[in-house]
Amino acid sequence: MKVIKFGGSSISTTERVENVIRLIDEANKDDSIAVVFSAFGGVTDQLIRLSEMCSVGDEAYTEELQELEERIFRFAKTLIRAKNQSSVFAHLKSTLNELEDVLHGLTLIQELTARTLDFIMSFGERMSTFIICEAMKDRGMDAEFADAREMIKTDETFGAARVNFELTNRKIREYFESRTALQVITGFIGGTPKDETATLGRSGSDYTASIFGAALDADEVEIWTDVNGIMTADPRKVPDAFPLDHVTYEEAMEMSHFGAKVVHPSSMQPAFEKNIPIRIRNTFRPDFDGTVISADAKETQHRISGVSSIEDIALLRVQGSGMMGVTGISARLFSALARADINIILITQASSEHTICFAVTPSDAHRAKDVIEDEFSLEMQVNQIDRVVVEKDLSIIAAVGENMRHTPGIAGSLFRILGKHDVNVVAIAQGSSELNISAVISKEDETTALNAIHSTFFESLRRKINVILVGTGLIGGTLLRQIRDHRHPLGDAWKFDIRVTGLANSRKMLFDPNGIPLENWQDTLEQSSQASDIDILFENSRKYNLTNCIYVDCTASEQVAQTYPKFIEHRIPVVAANKKAASGTLEYYHRLKQLSHTLDTPFLYETNAGASLPIIQTIEQLRDTGDSILKIEAILSGTLSYIFNIFDGETPFSEIVRHAKEKGYTEPDPRDDLDGMDVARKLLILARESGYELEMDELVIEDFLPNESFEVDGIDEFFEALEDADSAMTERVKTAQQSGKVLRYIASLDGNSAKIGLQEVAQDHPFYTIGGGDNIVAFTTERYNETPLVVKGPGAGAEVTAAGVFADIVRVAKLQKQ
Ligand code: ADP
Ligand code: ASP
Ligand code: MG
């Protein structure tokens, strides 16, 4: 059996709740389960805010309460069909009335006790769990609401109640014994001996799940949240953080104790005692396995498992000459703090015993100071102990991991990194278990410190893919943006990091073996003092021993296309958006293919035809499985596709071209589209891929415009010359129309003969209706003989072309070995 818990983030909207109900329905089919819910995302915070407002008599609380009520009813209304709504609404109404009464009472007494706050917070879980349970019943599921206060029995430490396990375990087992329906349990709350409501501390629903799991001897406890598991660091603070497959109970406890909010530290205890694994999973990515927390430490290459932080702490320093050599000082100090229920996060004591430092949450700082000054008032009067110093605006960062035990040098590396990044360390502590080294630092250094530590301990572990990109025009620039935006979110699925180590345009270049920051590469490249030189980029990649390099060409340069063999010869794969290599001489094409084949080094150029449409891949797949390509018919120019789609003889041809140019649909000089050369290159590549040995001069290109239009000097002159062709073009389209046809610029291959030109196409032809600037390729093969295989869609534009190059890079990266 499994106990499954869903956190507030998994149920913060009605769509998310729907998704969760589907997940539960699936899980329920395979296994017997019980489910635990937190409050809807943000509700606990809102209840705390309401309590605080009421406790100072702030009347504006009524608006906040109204907002909460509306949100709660919206959930109920959306998730439950009208015919089942009335009893649900009645129950919610009375629950909310009860909440309103307590809050109103609080405005009168104006004193917020931990007991009252716990009671107010309990409404969050009680309402969310009730609504979701009703929604499940509404969908025909056999579900039953279970109020955990009846089973989890605690003491009266409101705010973080301690569980009476003996009683609780018995109650849970008794409760479950007589029930067959799926139990839908409120997280976070328990009941005291006087049957008052107490909470288990913030994030306590995780604990609830573990308590139930242990009592019921579950096989696994699952905690579903909004990240792919326990990560090497908080992903909101460390973008490079990645999920861990496995951690031990102790590691998880240390990390969560030191700020990794993803799971509540106490949750580990009940599961640990019964040796039940806890799995952290992502509600939004159920396909990921998540992180398993269990007793056995798995072999990893990591020296540490994670780095976490507590953003805001206060440090109290007690010092004085009278503390040296006197026994019992620290015992008195910490007993006094314990009596006052002050939680101590970290303690350090210098061996001179002159000073004791400890960290608490800032809200406890002044109370702690008072408690100590009270306890040691006598010693203070005679100056044996100085006044207590409180330092604020501090954070704690902690490196955690099983591997740290008995591994020398970790503390050394940690503090060296902090020093290197100019982070001042205020205090240091190492747990005696050696599972954790913590440092107190200034709050403003927190993110710097986290990222610096993370990159030192983890950077080298994930496989690095080193991209060397030449060409930073429209496509190269878009590609850099796509890599920048997607490499972190996708890195978890890929299990490798893509970084750009070399970057060049026609003038300048950059090289950084650690990866060029992609946030402002334009400025960095512009300011670079290195003149562009591909040979140097190549040499550098070898000099710095960069493994897993990929050479990417986003230029249109003949010269750059000549550099590929050198890279492939050194087993550096090549991805080209540039068509010049594959459409160069047949001999060069064969040489590259041969090299790539014998050295098992990919040379990919999917975007050479139809941007990211799967055209070259399709040919490859067909031929790999024994098919032969007999014929290809294609529209391969987005620009010409667009122009002939619009050209109906009403507007002169030249005007349409002018308009297309203004909209940026043509090359800067539209002749580069109209002369058919670009289409010819694409057809040549498709022919070669299909196994036809063709050279460019064997292609028949039928001009549809007079040569004179192409021979003039500038673009303005070209447009003037183009006007002279208008009447002939109009006549041509009108003639086609008379027989119900349209004009299309078609590239076709029939066996060994390839030609390109304007054709009239009838209504039953697949190219008759084609959208905007779409490309279309129809393959007639031995297998696809009756009806051709057709690939169709947007085949031009920076976004899709760059995405095609990106896809080639990822394909290559997946093939590369460590
Ligand atoms: P839930 O609402 O599901 O209980 P929480 O907000 O309590 O979710 O916890 C999940 C959040 O914990 C994540 O979104 C992440 O920002 C944060 N977090 C902090 N440290 C870590 C870490 N080391 N690994 C994963 N998540 C972490
Ligand atoms: N709703 C509670 C909180 O926000 C408990 C939980 O989410 O686990 O702290
Ligand atoms: Mg949580």
Side-chain angles (χ1 to χ4, degrees), residues 4-13 16-17 20 36-49 117-118 120-129 148 152 159-161 185-190 197-211 222-245 247 251-267 278-285 288 290-291 293 304-311 397-401 446-447 450 453-454 458 489 492:
I4 307 180
K5 174 254 166 178
F6 292 93
S9 55
S10 301
I11 52 168
S12 55
T13 63
R16 289 181 176 188
V17 175
V20 162
V36 175
F37 284 106
S38 293
F40 295 127
V43 167
T44 310
D45 288 332
Q46 200 173 17
L47 289 165
I48 295 172
R49 216 160 42 237
L117 181 61
D118 269 7
I120 294 173
M121 285 194 290
S122 76
F123 282 85
E125 270 63 13
R126 283 156 57 202
M127 293 192 292
S128 66
T129 309
I152 295 184
I185 306 162
T186 54
F188 189 42
I189 54 176
T197 303
T199 68
L200 305 174
R202 289 305 304 269
S203 299
S205 304
D206 303 333
Y207 193 19
T208 307
S210 178
I211 294 169
E222 288 188 351
I223 293 179
W224 290 68
T225 179
D226 61 350
V227 279
N228 290 338
I230 298 188
M231 308 185 68
T232 47
D234 185 341
R236 286 170 302 190
K237 292 177 181 155
V238 180
D240 288 343
F242 57 88
L244 295 159
D245 295 336
V247 296
E251 286 174 318
M253 190 145 50
E254 289 286 340
M255 279 181 72
S256 57
H257 185 68
F258 281 91
K261 192 189 164 209
V262 60
V263 57
H264 186 286
S266 308
S267 328
I278 301 178
R279 192 186 284 274
I280 313 292
R281 299 189 66 177
N282 189 347
T283 312
F284 309 103
R285 292 300 305 265
F288 278 113
T291 303
I293 310 173
I304 66 172
S305 296
V307 48
S308 55
S309 63
I310 305 178
E311 198 168 285
I397 47 161
V400 174
E446 186 204 0
T447 13
L450 283 174
I453 295 172
H454 191 275
F458 293 106
D492 292 348

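In listed order, ligands and their atoms are each counted from 1.
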| Note, Arg202 side chain near Ile48 side chain (heavy atom, < 4.5 Å) | yes
| field | Validation row: Ser9, Thr225 side chains within 4.5 angstrom (heavy atoms) | value | yes
| Taking both backbone and side-chain atoms of Ala260, is any N or O found less than 3.5 Å from an N or O belonging to ligand 1? | no
| task | Run the numbers for me: atoms of ligand 1, each under 4.0 Å from some heavy atom of Lys5, listed by number. | result | 4 (O)
| Ser205: numbered ligand 2 atoms lying under 4.0 Å from its heavy atoms | 5 (C), 6 (C), 8 (O)
| Do the charged groups of Lys261 and Asp206 touch, with an N to O distance under 4.0 Å? | no
| request: Within a distance under 4.0 Å of any heavy atom of Gly8, pick out the atoms of ligand 1 and give their elements. | output: 1 (P), 2 (O)
| Gly124 to ligand 2, any heavy atom closer than 4.0 Å | no
| query | With respect to Phe37, which candidate in Thr186, Val20, Val17, Ile4 satisfies the side-chain contact (heavy atoms from CB on, under 4.5 Å) definition? | reply | Val20
| Which residue and heavy atom of the protein sit nearest atom 17 (C) of ligand 1, plus the separation | Arg236 NH2, 3.5 Å
| Contact (N/O only, under 3.5 Å) between Ser10 and ligand 1 | no
| field | Residue, atom name and distance, where the atom is the protein heavy atom closest to atom 9 (O) of ligand 2 | value | Arg202 NE, 2.6 Å
| Heteroatom distance test (Thr225, ligand 1): nitrogen or oxygen, under 3.5 angstrom | yes
| task | Taking only heavy atoms of Asp226 into account, list the atoms of ligand 1 that are under 4.0 Å away from them. | result | 10 (C), 11 (C), 13 (C), 14 (O)
| task | Check ligand 1 against Ser9 and write out every atom of the ligand that is under 4.0 Å from a heavy-atom position of the residue. | result | 1 (P), 2 (O), 3 (O), 8 (O)
| task | Decide whether the shortest distance between a heavy atom of His264 and an atom of ligand 2 is less than 4.0 Å. | result | no
| field | Nearest neighbour of atom 9 (O) of ligand 1 from the list Asp234, Val262, Leu244, on a heavy-atom basis | value | Val262
| said: I'd like to know if the side chain of Thr199 pairs up with that of Asp118 as donor and acceptor (distance under 3.5 Å, no hydrogens or angles considered). | reply: yes
| Who's the nearest protein heavy-atom neighbour of atom 7 (O) of ligand 2, and how far? | Ser38 OG, 3.1 Å
| message | Contact between ligand 2 and Gly7 is defined here as a heavy atom of the residue under 4.0 Å from a ligand atom; is it met? | response | no
| said: Looking only at protein heavy atoms, which one is nearest to atom 24 (N) of ligand 1, and what is the separation? | reply: Met231 N, 2.8 Å
| message | Give the atom numbers and elements of ligand 2 that come within less than 4.0 Å of a heavy atom of Thr44. | response | 1 (N), 2 (C), 3 (C), 4 (O)
| field | Any N/O pair Lys5/ligand 2 closer than 3.5 Å | value | no
| Closest heavy-atom pair and its distance - Glu222, Arg281 | OE2-NH1, 3.7 Å
| In terms of atom number and element, which parts of ligand 1 are under 4.0 angstrom from non-hydrogen atoms of Ile230? | 24 (N)
| Hey, which atoms in ligand 1 end up nearer than 4.0 Å to a heavy atom of Gly229? | 24 (N), 25 (C)
| request: For ligand 2, indicate whether the residue Glu125 contacts it via side chain, backbone, both or neither (heavy-atom separation under 4.0 Å). | output: side chain
| field | Side-chain H-bond candidate by donor/acceptor type, Ser210 with Ser267, under 3.5 Å | value | no
| Is Ser38 in contact with ligand 1, taking contact as a heavy-atom separation below 4.0 Å? | no
| query | Heavy atoms, side chains only, cut-off 4.5 Å: are Phe242 and Asn228 in contact? | reply | no
